[in-house]
Visitor: 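Okay, handing you the structure first.
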Amino acid sequence: MTIRINNNDVAPPDDARVSLLDLLREHLHLTGTKVGCNQGACGACTVLLDGDRVLSCLTLAVQADGHQVTTIEGLGSPEEPHPLQAAFIEHDGFQCGYCTPGQICAAVAMLREAASGMPSYVTVDLATEKTFLSLEEIRERMSGNLCRCGAHNGIVKAIQQVAKEQAA
Amino acid sequence: MIPFTYTRASSADEAASMAIRTGHKLLGGGTNLVDLMRKNVELPSCLVDVTALSDSIKETQEGGVMIGAAARNSAVAAHPLVRTRYPMLSRAILAGASAQIRNMATVAGNLMQRTRCIYFNDVAGSRCNKRSPGSGCDAVGGFNRYHAIIGAAPACIATHPSDMCVALAALDARIHVYNKNATRIIPIVDFHGFPADRPDLETVLEAGDVITSIEIPVSPFAARSAYRKVRDRASYAFALVSVAAGVTMRERTIDDIRVAFGGIAPKPWRAFRVEMALRGGPATQEAFDDAVEAELARAVPLAGNAFKIGLTKRTLSAVLTELTGDAR
Ligand SMILES: Cc1cc2nc3c(=O)[nH]c(=O)nc-3n(C[C@H](O)[C@H](O)[C@H](O)COP(=O)(O)OP(=O)(O)OC[C@H]3O[C@@H](n4cnc5c(N)ncnc54)[C@H](O)[C@@H]3O)c2cc1C
Ligand code: FES
Ligand code: FES
């Protein structure tokens, strides 16, 4: 089997110890995905696995065998940025930019989750299928991505703008 | 990490026959196990991926819910049956970890996750009876803000870190376990143990056991239920104290009630004494306070966590006030 990464087939590593994060960065030189804590606590390594956001530091590359992985490199390019990439630039959703690839991958999946009716801890009525992405909702749903520079206000605004565009 | 091999099991039977072998460990999402392997707390020689076991979430004939062991935490929290009939379970799962981790984590892995005690996780620098029996415990005289106030032992004061399991304890969930052609059903309150003699043994599972599903019985009280978690930051942090509760009222009297606590004990803590004290009585502040005091009479607070007694009291009172609000 193979791991399909940004629409390229990649052979899983022979050594089961290799994390998906290390496969991406060290073997494939897809260095957009960042390593922060390497223990699940920061979200910098967030990628999409079959469209769902996951942490590549706690995923063994062999676990991704037979699945599709999308990294920040697969979302957009400087010429054709993903709407979230463009919105992050417009709203200053970063300072150093280290957390940004993880933030954007997480936000892409988060908007899809919300559109499908996924509730969050702060959703008042869990039975409701309609999610309104208030600032509080966005903050809670994005809490798995830390930003050491404190660019959160811009991040939340960028995401809310794209959410509004998608709803329109 | 030490070298290991990786294989996938396609059935519970296959998983059980591999799990019984020395050095073999089952792998769910890996969010706990891979982390512990990187820290050399766990040293398996072979990982058996069990995410291909059932992940279905279905209504049972009796009207409860059966959740496959490999169901992801996020799928359970989002499921309409869980959201409408067992809101405390949805809310508890959503209170845990982050969306990324909930997408990866399986319900079986959540049940089996190990403590977050910093001394347990520090192989090089700390003594820990749970990790290495008989070596001592650095938490008792150390930084124990996150440790247990009830049900612990001098040998180990670690807490069980799960949010989901607290709701499962209040809901009387039943854990279905497969081993060698036989399935047994373990009530959640008996699933996790007390550390008194063997802090290294956290659950009643034995070699070769594979969790296949979690069954949640019909629970009339669960429709009016809640989960509240108090932590050091608003999100993405483990509980200092958490409360899962469900209530049915008969006019102004508490007809039936279920309460469980998280963050204060070595296992998801079903608060039978709170329930006994409140069942059949009024839903008043005084009754709530007396009930917590009955439960925590046996508490053994430490230097860093004595605040949890008051916090448990206030959190339960807030949750029950909310749940019984319009009937008081
Ligand atoms: C940064 C961070 C923050 C977190 N915050 C929270 C939080 O706030 N609240 C909370 O509740 N949790 C929290 N968690 C923990 C998380 O919920 C658990 O790691 C997760 O539920 C484990 O599930 P898994 O499938 O990834 O298990 P794995 O890591 O794959 O496995 C865990 C254990 O389960 C065993 N196992 C797996 N499947 C089976 C089976 N079918 N039968 C028998 N044994 C099995 C494995 O052998 C292993 O021992 C956090 C984790 C991280 C990394
Ligand atoms: S590097 Fe993966 S969560 Fe921090
Ligand atoms: S922009 Fe620097 S960490 Fe977020």
Side-chain angles (χ1 to χ4, degrees), chain A residues 1 12-20 37-43 45-63 65-67 102 105-107 109-110 113-114 116-129 136 139-146, chain B residues 1-8 27-39 46-47 49 51-52 72 74-75 77-80 82-105 121 163 223 225-229 233-237:
Chain A
M1 282 210 279
D14 293 329
D15 189 335
R17 289 176 294 181
V18 177
S19 66
L20 178 58
C37 63
N38 213 29
Q39 53 179 3
C42 76
C45 66
T46 303
V47 299
L48 304 177
L49 186 74
D50 298 332
D52 291 329
R53 45 179 167 166
V54 299
L55 300 176
S56 61
C57 71
L58 292 184
T59 304
L60 298 171
V62 286
Q63 285 175 287
D65 199 1
H67 296 274
C105 285
M110 186 278 274
E113 289 163 14
S116 76
M118 179 85 196
S120 86
Y121 181 68
V122 301
T123 305
V124 177
D125 178 9
L126 288 178
T128 175
E129 292 282 337
E136 191 195 9
R139 284 179 190 279
E140 166 59 25
R141 288 164 190 264
M142 290 297 294
S143 72
N145 293 80
L146 308 192
Chain B
M1 265 195 254
I2 61 159
F4 60 88
T5 55
Y6 168 90
T7 179
R8 291 178 178 181
L27 178 70
T31 59
N32 190 217
L33 186 51
V34 169
D35 187 29
L36 291 174
M37 287 165 66
R38 209 168 267 151
K39 292 173 176 148
C46 178
L47 291 183
D49 189 327
T51 52
R72 307 289 174 168
S74 43
H79 198 279
V82 179
R83 283 158 73 168
T84 51
R85 291 193 201 163
Y86 309 97
M88 70 157 88
L89 179 57
S90 245
R91 186 88 64 192
I93 292 173
L94 294 168
S98 67
Q100 287 93 320
I101 293 170
R102 296 192 295 269
N103 278 339
M104 302 167 73
N121 281 277
D163 291 294
S225 72
Y227 186 79
R228 186 180 292 203
K229 179 176 182 183
R233 59 182 185 200
S235 187
Y236 203 12

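All heavy atoms count here, side chains included; hydrogens, waters and symmetry mates do not.
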Visitor: With a 4.5 angstrom heavy-atom cut-off, is it the side chain or the backbone of A:S56 that approaches chain B, or both, or neither?
Guide: neither
Visitor: Go through the atoms of A:L60 and report whether side chain, backbone, both or neither lie under 4.5 Å from a heavy atom of chain B.
Guide: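 Side chain only.
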Visitor: Quick check: do A:M110 and A:R53 have side-chain heavy atoms less than 4.5 Å from each other?
Guide: yes
Visitor: Can you tell me which of B:L33, B:T51, B:L47, B:L27 forms the most heavy-atom pairs within a distance under 4.5 Å of chain A?
Guide: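 Of the options given, most contacts go to B:L27.
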Visitor: Would you mind checking which part of A:E129 comes under 4.5 Å of any heavy atom in chain B, side chain (CB onward), backbone (N, CA, C, O), both or neither?
Guide: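 Both parts, heavy atoms under 4.5 Å.
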Visitor: Quick one: which of A:G40, A:P119, A:A16 has the most heavy-atom pairs under 4.5 Å with chain B, could you say?
Guide: A:P119
Visitor: Please look at B:D35 and chain A and tell me whether the side chain, the backbone, both or neither of the residue comes under 4.5 angstrom of a heavy atom of that chain.
Guide: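 For B:D35, heavy atoms of backbone and side chain both lie under 4.5 Å from chain A.
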Visitor: Is A:C105 in contact with chain B via its backbone, its side chain, both, or neither, using a 4.5 Å heavy-atom distance?
Guide: neither
Visitor: Can you check side chain to side chain contact (heavy atoms under 4.5 Å, CB included) on B:S98 and B:Y236, steps first, answer last?
Guide: CA-CA 6 Å; B:S98 67; B:Y236 203 12; 3.7 Å; yes
Visitor: Rounded at 0.5 Å granularity, tell me how far CZ in A:R139 sits from CZ in A:R141.
Guide: 14.5 Å
Visitor: May I ask you to name which of B:A97, B:P80, B:A95, B:G30 has the most heavy-atom pairs under 4.5 Å with chain A?
Guide: B:A95
Visitor: Determine the option with the most heavy-atom pairs under 4.5 angstrom with chain B, choosing from A:T123, A:V122, A:V54, A:L126.
Guide: A:L126
Visitor: Side chain to side chain contact (heavy atoms under 4.5 Å, CB included) between A:L20 and A:Q63: does it pass, once the steps are laid out?
Guide: CA-CA 8 Å; A:L20 178 58; A:Q63 285 175 287; over 6 Å; no
Visitor: Need one label for B:R8: side chain, backbone, both or neither, based on atoms under 4.5 Å from any heavy atom in chain A.
Guide: side chain
Visitor: If you count heavy-atom pairs under 4.5 Å with chain B, which of A:T59, A:N38, A:D52, A:L49 comes out on top?
Guide: A:N38
Visitor: Classify the side-chain pair A:E140/A:S120 by whether it contains a donor and acceptor separated by less than 3.5 Å.
Guide: no
Visitor: So how far is it from A:L55 CG to A:C37 SG, rounded to the nearest 0.5 Å?
Guide: 7.5 Å
Visitor: Could you look at B:R228 and say if it's the side chain, the backbone, both or neither that has a heavy atom under 4.5 Å from chain A?
Guide: both
Visitor: Kindly indicate whether the side chain of B:D163, heavy atoms from C-beta on, has any atom under 4.5 Å from the side chain of B:R91.
Guide: no
Visitor: Between chain A and each of B:M1, B:R38, B:M37, B:K229, count heavy-atom pairs under 4.5 Å; write down the option with the most.
Guide: B:R38
Visitor: With a 4.5 angstrom heavy-atom cut-off, could you sort out which part of B:S74 is near chain A: side chain, backbone, both or neither?
Guide: both
Visitor: Look up atom OG in B:S235 and atom CE in A:M142, then write down how far apart they are to the nearest 0.5 Å.
Guide: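 Those atoms lie 11.5 Å apart.
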Visitor: Decide if atom CG of A:D125 counts as having more than 12 heavy atoms of other residues, nucleotides or ligands within a radius under 6.0 Å.
Guide: yes
Visitor: Which bit of A:D15 is near chain B, if near means a heavy-atom gap under 4.5 Å: side chain, backbone, both or neither?
Guide: neither
Visitor: How long is the gap from CG on B:L94 to CG on B:L89, to the nearest 0.5 Å?
Guide: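 Reported to 0.5 Å precision, the distance equals 9.5 Å.
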Visitor: Taking B:S90, B:A92, B:A77, B:G29 one by one, which has the highest count of heavy-atom pairs under 4.5 Å against chain A?
Guide: B:G29
